[in-house]
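What you see is a predicted model; the values in this text were computed from it and never measured. Both counts, for ligands and for their atoms, begin at 1 and track the order of listing.
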Amino acid sequence: MELASRDRELRAALFRFVDVVPACRSLEDVARHLRGFLEELPETPPPIAAAMRIADVRAARSALGAAAAAGVKHMAHRFIVGESPEAAVRVLRSLWEHGVASSVDLLGEATVTEEEADDYARRCAHALEQLAERARSWPPRPRLERDSAGPLPRANVSVKVSALTPLLRPDAPERGRRDAAKRLVGLLRLAKQIGAHVHVDMESLDSREAVLELVLELLSEPEFADGPSAGIVLQAYLRDSPEQLDTVLGWARSSGRSSPLTVRLVKGAYWDHELVQARQEGWPAPVFEVKADCDRNFETLTCRLLDARPAVRVAIASHNLRSVANAIAYNRLTGGEDGDLELQVLRGLGDDLQDALAAEGFRVRTYCPVGDLVAGMAYLVRRLLENTSNESFLHEQASGTSLAQLLAAP
Ligand SMILES: Cc1cc2nc3c(=O)[nH]c(=O)nc-3n(C[C@H](O)[C@H](O)[C@H](O)COP(=O)(O)OP(=O)(O)OC[C@H]3O[C@@H](n4cnc5c(N)ncnc54)[C@H](O)[C@@H]3O)c2cc1C
C-alpha cells in the first residue's frame with residue numbers, strides 16, 4: 001500500500017490485479033495475472049521485481065499465487081466483517097458491547113437483472129430481520145439507543161438504490177425510480193414493523209436526483225409518517241451540495257414525520273470517477289478540485305445541519321480529525337448535546353478513531369460491509385483508492401504530518 005501510494009502506475013496495476021483475483025481459477029492463474037499487470041510497469045520497485053522473478057519459476061508460481069491471493073483476502077477482511085449477517089453478528093455485538101453502534105451494508109451494487117435486484121432486496125430484508133432479532137439480547141447502551149428526538153433502533157442497514165433496480169439510468173431516471181420503489185417500499189414496511197433503521201447510501205452523481213427523489217417521495221407516504229427511522233446521504237465534494245441541502249431541509253421541515261430524517265454528511269467516495277467522467281465528456285467538474293475547498297464546504301454543511309435540528313438527525317461520517325473536531329466543537333459551542341450528534345466511520349479505516357470517540361463517550365456508528373469477496377470488489381477498490389490517495393487525511397496522518405497541521409483550518 002505504501003509503495004502504491006507513491007507510484008500511480010503501480011497503484012493502477014495493483015487495482016486491476018485485485019479486481020481479477022476473485023475470478024481466477026487457480027493459484028497459478030493468480031500469479032500469472034499478477035505478473036502480467038506488473039510487467040506493464042515502466043519501472044519496477046525492487047520488492048515487486050523480486051516477486052516477478054519468483055513467478056518465472058514454474059514450481060514457485062503457485063506459492064506466489066497463494067501469497068498474493070492471501071494478501072488480497074487479508075485486505076478484504078480488514079474492511080468486510082463477514083460473509084453473511086449471521087457471521088457478522090458476533091463482530092456487531094462486540095462493537096455494541098464496546099459502545100459502538102453499526103450500520104450493515106450488504107455488498108453488491110449495480111445489478112443488471114431483475115433477479116439480482118430481487119435477490120439484493122431479499123438479502124437486505126433477511127439482514128434486517130436477523131439483526132433486529134439478535135440485537136434484542138444485546139446489553140443496554142443508553143448513549144446508542146436514544147437522543148433527544150427519541151429512540152434509535154439497534155438494527156441499522158444501509159442500502160444502495162443501484163442494487164435495488166437494474167433500470168437506474170441518468171437518461172431515464174423515472175423508470176429506475178419506479179422499479180427501485182417496488183423493492184424499497186417493502187424494506188421500509190419491514191423496518192417499520194420490526195423497529196429498524198434503513199439508510200439509503202448515495203452513489204455517483206448520475207443517480208443522485210433519482211435516489212433523493214425516490215427516498216423523499218416514499219417517506220412522504222402517509223403509511224411512513226410514523227416510521228421507520230430512515231436516512232439519506234449528502235456528499236460535500238459536490239459543488240452544488242449546499243442547494244441539495246436546501247432541498248432536504250425544506251422537505252424535512254414540512255414532512256411532519258415523527259422520526260426525523262437522518263442526514264449522513266460525507267465528502268464522497270466517487271471523486272476520481274466524477275472527475276474523469278466530466279473530463280471525458282467535456283463537462284465542468286461537478287466536484288471540488290482543491291481538497292481544502294471540499295473540506296471547507298464539509299465544515300459549512302456540518303454547521304448548517306447542526307443548526308437545522310430537530311428537523312433532522314445529524315451524522316458526520318469522516319476519518320478526518322479536523323472535520324470531526326469541527327462538528328463536535330460547533331455542536332458544543334451552540335449549546336447542543338454530544339448525544340445529539342452521531343459520528344460515523346468505516347470498518348477497517350476508522351477503527352482507531354472509533355475507539356477513541358467511543359471512549360470519550362460520543363455516539364459512534366461503524367459502517368460494516370457484509371458479503372463475499374466477489375461482491376466486495378468495487379467496495380474494496382474504493383477503500384484502497386482512499387488509502388493510497390496522497391491528499392487523504394489518513395495518508396497524511398500515516399506519513400507523519402504533525403497534529404497541528406492535521407488540525408489546521410482548511
Ligand atoms: C460511515 C460512512 C458512510 C459513507 N457512506 C458514503 C456514501 O453513501 N456515499 C459516498 O459517496 N461516500 C460515502 N462514504 C465515504 C466517504 O465519502 C469517504 O470516506 C470520504 O470521502 C473520506 O473522507 P474523510 O473525511 O474521511 O477523509 P479526507 O481525507 O478528509 O477526505 C478525502 C475525500 O476528499 C475528497 N477529495 C480528495 N481529493 C480532493 C481534491 N483534490 N479536491 C476536492 N476533494 C477531494 C474526496 O471526496 C475524498 O474521498 C462514507 C463514509 C463513512 C465513514
Side-chain angles (χ1 to χ4, degrees), residues 5 79 95 100-105 109 156-163 197-208 211-212 215 231-239 241 244 262-276 278 285-299 301-302 314-327 342-354 357 363-369 378-379 381-399 401 405-410:
S5 65
F79 303 115
L95 284 172
V100 177
S102 54
S103 186
V104 164
D105 161 44
E109 40 202 293
N156 182 313
V157 169
S158 288
V159 302
K160 288 203 168 46
V161 174
S162 67
H197 175 93
V198 174
H199 213 100
V200 179
D201 285 355
M202 200 54 92
E203 304 174 64
S204 50
L205 179 60
D206 52 14
S207 62
R208 182 187 63 177
V211 170
L212 193 63
V215 177
I232 51 139
V233 175
L234 182 69
Q235 293 162 317
Y237 65 6
L238 292 173
R239 292 177 194 273
S241 47
Q244 281 288 305
T262 303
V263 181
R264 176 201 296 156
L265 180 65
V266 302
K267 285 175 192 149
Y270 306 83
W271 186 81
D272 303 79
H273 166 86
E274 302 296 2
L275 209 59
V276 169
V287 289
F288 290 105
E289 290 174 79
V290 175
K291 173 74 163 50
D293 290 344
C294 173
D295 289 352
R296 253 195 311 275
N297 188 45
F298 190 90
E299 294 193 3
L301 297 178
T302 298
V314 184
I316 300 298
S318 171
H319 310 114
N320 183 321
L321 288 185
R322 163 75 201 193
S323 306
V324 175
N326 170 70
E342 184 161 295
L343 301 168
Q344 298 192 349
V345 298
L346 298 177
R347 169 81 176 173
L349 275 187
D351 299 351
D352 292 344
L353 183 58
Q354 159 207 290
L357 290 170
R363 174 148 52 85
V364 188
R365 185 176 307 279
T366 297
Y367 185 93
C368 293
Y379 183 83
V381 169
R382 275 206 300 282
R383 298 291 81 87
L384 293 178
L385 267 173
E386 225 163 84
N387 258 307
T388 52
S389 151
N390 288 331
E391 289 194 274
S392 100
F393 178 90
L394 290 174
H395 180 74
E396 287 205 22
Q397 191 179 31
S399 49
T401 306
Q405 273 174 291
L406 291 172
L407 288 177

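Here the protein heavy atom with the shortest distance to atom 19 (O) of ligand 1 is Glu386 OE1, 3.2 Å. Closest to atom 26 (O) of ligand 1 among all protein heavy atoms lies His319 N, 2.7 Å. At the shortest separation from atom 6 (C) of ligand 1 among protein heavy atoms lies Val266 CG1, 3.8 Å. Counting only heavy atoms of the protein, atom 29 (O) of ligand 1 lies nearest to Phe393 N, 2.5 Å. The nearest protein atom to atom 43 (C) of ligand 1, hydrogens excluded, is given as Phe288 O, 3.0 Å; this is a heavy-atom distance. Nearest protein heavy-atom contact of atom 41 (N) of ligand 1 is Glu391 OE1, 2.9 Å. Here the heavy atom of the protein found nearest to atom 53 (C) of ligand 1 is Leu346 CG, 3.5 Å. In terms of protein heavy atoms, atom 45 (C) of ligand 1 is closest to Trp271 NE1, 3.5 Å.
Annotation: side chain of Lys267 is not in contact with side chain of His319 (no heavy-atom distance under 4.5 Å). Contact of the Asp105 side chain with the His199 side chain is not registered, since no non-hydrogen atoms from C-beta on lie closer than 4.5 Å. Residues Phe393 and Leu321 have side chains in contact (heavy-atom distance under 4.5 Å, counting atoms from C-beta outward). Put simply, the side chain of Asn156 reaches to within 4.5 Å of the side chain of Arg365, judged on heavy atoms.
Between Met202 and ligand 1, at least one pair of N/O atoms sits closer than 3.5 Å. Taking only nitrogen or oxygen atoms, main chain and side chain alike, Tyr367 does not reach within less than 3.5 Å of ligand 1. Between Val233 and ligand 1, no N or O atom pair is found at a separation short of 3.5 Å. For ligand 1, one of its N or O atoms has an N or O atom of Lys291 under 3.5 Å away.
In plain terms, the two heavy atoms of Ala327 and Ile316 that are nearest each other are CB-CG1, 3.8 Å. Of all non-hydrogen atoms in Ala269 and Arg383, the two that sit nearest each other are CB-NH2, 3.7 Å. Nearest heavy atom pair, residue Leu234 against residue Ser241, reads CD1-O, 3.9 Å. For Ser158 against Ser103, the heavy-atom pair with the smallest separation is OG-OG, 2.7 Å.
To the nearest 0.5 Å, atoms CZ (Phe288) and CG (Asp295) are separated by 10.5 Å. Distance check: Leu265 CG to Ser323 OG gives 9.0 Å after rounding to the nearest 0.5 Å.
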Output side-chain donor-acceptor pairs under 3.5 Å for residues 347-354, partner residues at least two apart or in another chain, one line each.
residue : atom : partner : partner atom : Å
Asp351  : OD1  : Gly348  : N            : 2.8
Gln354  : OE1  : Thr366  : OG1          : 2.8

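Listed for the Thr401 side chain is a donor-acceptor partner under 3.5 Å among the backbone atoms of Glu396.
When the options Arg239, Arg347, Gln344 are ranked by their closest heavy atom to atom 1 (C) of ligand 1, first place goes to Gln344. Selection from Ser204, Ser323, Ala269 by nearest heavy atom to atom 12 (N) of ligand 1 gives Ala269. For atom 24 (P) of ligand 1, the nearest non-hydrogen atom from the set Cys294, Gly268, Ser318, Gly350 belongs to Ser318.
Proximity to Ser392 (heavy-atom distance under 4.0 Å) selects the following atoms of ligand 1: 29 (O). Remark: ligand 1 atoms within the under-4.0 Å shell around heavy atoms of Asp201 are 8 (O). Atoms of ligand 1 lying under 4.0 Å from any heavy atom of Tyr270, numbered from 1 in the order shown and given with element: 11 (O). Near Asn320, meaning under 4.0 Å from any of its heavy atoms, are these atoms of ligand 1: 25 (O), 26 (O), 30 (O).
Only side-chain heavy atoms of Arg264 come within less than 4.0 Å of ligand 1; its backbone N, CA, C and O stay farther off. Only the backbone of Glu289 comes within 4.0 Å of ligand 1, counting heavy atoms alone; no side-chain atom from C-beta on gets that close. Contact annotation for Phe298 and ligand 1: no heavy atom of the residue comes within less than 4.0 Å of the ligand. Under 4.0 Å from ligand 1, the heavy atoms of Val345 that appear belong solely to its backbone. Counting heavy atoms closer than 4.0 Å to ligand 1, residue Tyr237 contributes side-chain atoms (C-beta onward) but none from N, CA, C or O. Under 4.0 angstrom from ligand 1, there are no non-hydrogen atoms of Asp293.
Side-chain atoms of Ser318 and Asn320 include no donor-acceptor pair closer than 3.5 Å.
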* Using the side chain to side chain contact (heavy atoms under 4.5 Å, CB included) rule, take Met202 and Val266 through it: C-alpha gap first, then chi angles, then the decisive distance, then the call. => CA-CA 9 Å; Met202 200 54 92; Val266 302; over 6 Å; no
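By the side chain to side chain donor-acceptor pair (under 3.5 Å) test, Asp201 is found to be paired with Lys160, Arg264, Tyr367, residues two or more places apart in sequence or in another chain being considered.
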